[in-house]
Amino acid sequence: MSLINSHRLMIMAGPLVLTITVATWLFLLWAGWFLVFWSYPPSLLSSSTEAVADFSDRIYFVGYTIFTLGNGDFSPSAGSWQVATALASGTGLFTATLAITYLISVISAAVSARAFAAEVRGLGNTPAEAVAAGWDGNSYSGLSLPLNSIASQLTKLSQQYLAYPVFQYFHSDEAGKSPIVGLARLDQVLMIAAHGVPDRFRPPEVILNSARSAIVNVLEALPKHFTKPGDAPLPIPSLDALRSRGQPVVPEDEFAIEVGSEQDRRKRLHGLLIAHGWGVEDI
């Protein structure tokens with residue numbers, strides 16, 4: 001199967017799983033109340049003939065009751081069955097409201113994830129160009145504001161992955177809009193900003209640590225089968241864009257040693273890329 005077709009299938013997974021989840025809630029509620037009214041045949045009578053409702057009549061009655069459409073052609077027997085009908089209507093209203101709220105929240109989380117990916121991509125065409133763009137003539141402090149904003153978005157994203165497990169199945173067919181690619185790309189940016197330039201030119205350490213911690217939080221929030229370490233870490237990012245502009249960089253061997261000391265996280269990021277159908281060339 002081609003990568004294009006693979007991405008197309010992945011795009012369908014999120015909405016499909018979300019729809020099945022909400023439909024399952026409603027089905028189980030419907031089935032549960034049906035069994036309650038099925039347990040005692042005289043509990044439900046025809047409003048016109050007072051005949052005992054049959055199997056399909058009870059399905060119909062429970063359906064329009066939990067969706068708060070009224071009593072219709074059937075009515076419950078007096079006493080506890082009237083109370084049960086009121087409870088069924090209340091739980092139906094609650095579940096429908098919960099389902100709509102959940103749908104809106106998950107869709108909002110997917111939009112936020114795309115916004116994060118777009119902001120990371122907007123820093124530059126490559127991780128090195130993103131860092132180079134932060135040079136103000138004296139240091140790379142120009143990265144401080146965007147990195148702080150991105151770290152805040154990532155922290156929120158990690159909590160959304162925990163709050164809405166179905167969110168992990170949402171996928172983009174464009175690398176520039178994929179939060180997974182954005183996560184790996186951000187890590188490459190941080191590697192250059194933290195280890196690829198001399199100490200005195202780097203962005204504030206607190207900003208770099210915050211962004212790095214946010215990446216780890218997202219990895220911890222995702223299921224383990226998505227963050228299974230790859231066979232190799234992400235490749236060492238190139239410093240050519242900085243060097244070609246005459247900006248200060250550390251020697252290549254020193255940079256390679258520093259990046260190599262953070263292999264565990266970078267292997268997990270590589271495995272995450274592969275699990276979502278992406279490669280290092282998409283970063």
**OP:** Start with the C-alpha distance between R265 and L234, add both sets of side-chain angles, then the distance that settles side chain to side chain contact (heavy atoms under 4.5 Å, CB included), and finish with yes or no.
**Re:** CA-CA 9 Å; R265 183 187 71 256; L234 294 174; over 6 Å; no
**OP:** List the steps and the verdict of side-chain hydrogen bond (donor to acceptor under 3.5 Å, both in side chains) for T126 and R185.
**Re:** CA-CA 8 Å; T126 67; R185 188 182 183 88; 5.7 Å; no
Subject >> Residues F61, W33; criterion ring-ring contact (aromatic ring centres under 6.0 Å, His included); working and verdict >> reply: CA-CA 10 Å; F61 172 80; W33 279 112; over 10 Å; no
**OP:** Evaluate the criterion side chain to side chain contact (heavy atoms under 4.5 Å, CB included) for residue pair D187 and L183; output intermediate values, then yes/no.
**Re:** CA-CA 6 Å; D187 193 82; L183 201 64; over 6 Å; no
**OP:** Could you walk me through whether Y60 and F55 pass side chain to side chain contact (heavy atoms under 4.5 Å, CB included), step by step?
**Re:** CA-CA 9 Å; Y60 169 62; F55 183 86; over 6 Å; no
**OP:** Give the intermediate values and the outcome of side chain to side chain contact (heavy atoms under 4.5 Å, CB included) for residues F170 and L18.
**Re:** CA-CA 9 Å; F170 279 75; L18 180 59; 4.0 Å; yes
Original post:
Would H195 and E254 count as a side-chain hydrogen bond (donor to acceptor under 3.5 Å, both in side chains) if you check the C-alpha gap in whole Å, the side-chain angles of each, and the deciding distance to 0.1 Å?
Top reply: CA-CA 8 Å; H195 304 304; E254 179 182 333; over 6 Å; no
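With 3.5 Å as the limit, one finds no donor-acceptor pair spanning the side chains of S149 and S152.
Around atom CG of D136, more than 12 heavy atoms belonging to other residues, nucleotides or ligands sit under 6.0 Å away. No more than 12 heavy atoms of other residues, nucleotides or ligands sit less than 6.0 Å from atom CG of D264.
Separation of atoms CG (L222) and CG (L157) is listed at 8.0 Å; rounding is to 0.5 Å. For the atom pair S77 OG and F37 CZ, the distance stands at 9.5 Å (nearest 0.5 Å). Going from atom CG of L186 over to atom CG of L147 covers 6.5 Å, rounded to the nearest 0.5 Å. Between I180 atom CD1 and I274 atom CD1 the span is 13.0 Å, to the nearest 0.5 Å. Annotation: the span from F74 atom CZ to R58 atom CZ amounts to 9.5 Å, rounded to 0.5 Å. For the atom pair L269 CG and Q188 CD, the distance stands at 8.5 Å (nearest 0.5 Å).
Ring pair H171/H276 is parallel by interplanar angle, where below 30° counts as parallel and above 60° as perpendicular. Ring planes of F167 and Y161: parallel class, angle under 30° (limits at 30 and 60°). Using cut-offs of 30° and 60° for the angle between ring planes, the F34 and W38 rings count as parallel.
Counting heavy atoms from C-beta outward, I215 and L154 have side chains that approach closer than 4.5 Å. Contact check for W81 versus V36: side-chain heavy atoms found under the 4.5 Å cut-off. Residues Q82 and T85 fail the side-chain proximity criterion, which asks for heavy atoms closer than 4.5 Å. With a 4.5 Å cut-off on side-chain heavy atoms, K267 and D231 do not count as touching. A heavy-atom distance below 4.5 Å is not found between the side chains of Y64 and S89. P76 is not listed as a side-chain neighbour of S43, based on a closest heavy-atom distance of 4.5 Å or more. Residues F201 and S141 are not in side-chain contact: their nearest non-hydrogen atoms beyond the backbone lie 4.5 Å or more apart.
Q168 contributes a side-chain N or O that, together with a main-chain N or O of P165, makes up a donor-acceptor pair within less than 3.5 Å. At least one donor-acceptor pair under 3.5 Å links the side chain of S47 to the backbone N or O of D73. Between the side chain of S112 and the backbone N or O of S108, at least one donor-acceptor pair lies under 3.5 Å. When atom types are taken as modelled, the side chain of R266 and the backbone of P235 share a donor-acceptor pair closer than 3.5 angstrom. Q247 contributes a side-chain N or O that, together with a main-chain N or O of A132, makes up a donor-acceptor pair within less than 3.5 Å. A donor-acceptor distance shorter than 3.5 angstrom exists from the side chain of T91 to the backbone of A88, with no hydrogens or angles considered. A donor-acceptor pair under 3.5 Å is absent between the side-chain atoms of W25 and the main chain of I20, judged by distance alone. Within the 3.5 Å criterion, the main-chain N or O of V197 finds a donor-acceptor partner in the side chain of R202. In this structure, the side chain of T95 does not engage the main chain of G92 through any donor-acceptor pair within 3.5 Å. The closest donor-acceptor contact from the side chain of R268 to the backbone of G230 lies at 3.5 Å or more, if one exists at all.
Hydrophobic clustering (side-chain heavy atoms under 4.5 Å, transitive across Ile, Leu, Val, Met, Phe, Trp, Tyr) keeps V83 apart from L93. Taken together through direct or relayed side-chain contacts under 4.5 Å among Ile, Leu, Val, Met, Phe, Trp and Tyr, L26 and L87 form part of one hydrophobic cluster. Residues I236 and I257 do not share a hydrophobic cluster, defined by chaining ILVMFWY side chains whose heavy atoms lie under 4.5 Å apart. By the criterion of side-chain heavy atoms lying less than 4.5 angstrom apart, applied directly or through intervening Ile, Leu, Val, Met, Phe, Trp or Tyr residues, I66 is grouped together with L35 in one hydrophobic cluster. Y102 and I100 fall into different hydrophobic clusters, defined by Ile, Leu, Val, Met, Phe, Trp and Tyr side-chain heavy atoms under 4.5 Å apart, directly or through other members.
Between R212 and A194 the shortest heavy-atom distance is NH2-CB, 3.4 Å. In this structure, I11 and P15 approach most closely via the heavy-atom pair O-CD, 3.1 Å. What you find for A117 and K177 is that their closest heavy atoms are CB-C, 3.5 Å. What you find for A214 and A151 is that their closest heavy atoms are CB-O, 3.8 Å. Of all non-hydrogen atoms in A193 and L143, the two that sit nearest each other are CB-CD1, 4.1 Å. Counting all heavy atoms, side chain and backbone alike, L273 lies closest to G279 at CD1-O, 4.1 Å.
Using a 4.0 Å cut-off between charged nitrogen and carboxylate oxygen, E119 and R114 do not count as a salt-bridge pair.
Only one option out of T97, L103, I104 pairs with T101 in a side chain to side chain contact (heavy atoms under 4.5 Å, CB included); it is T97.
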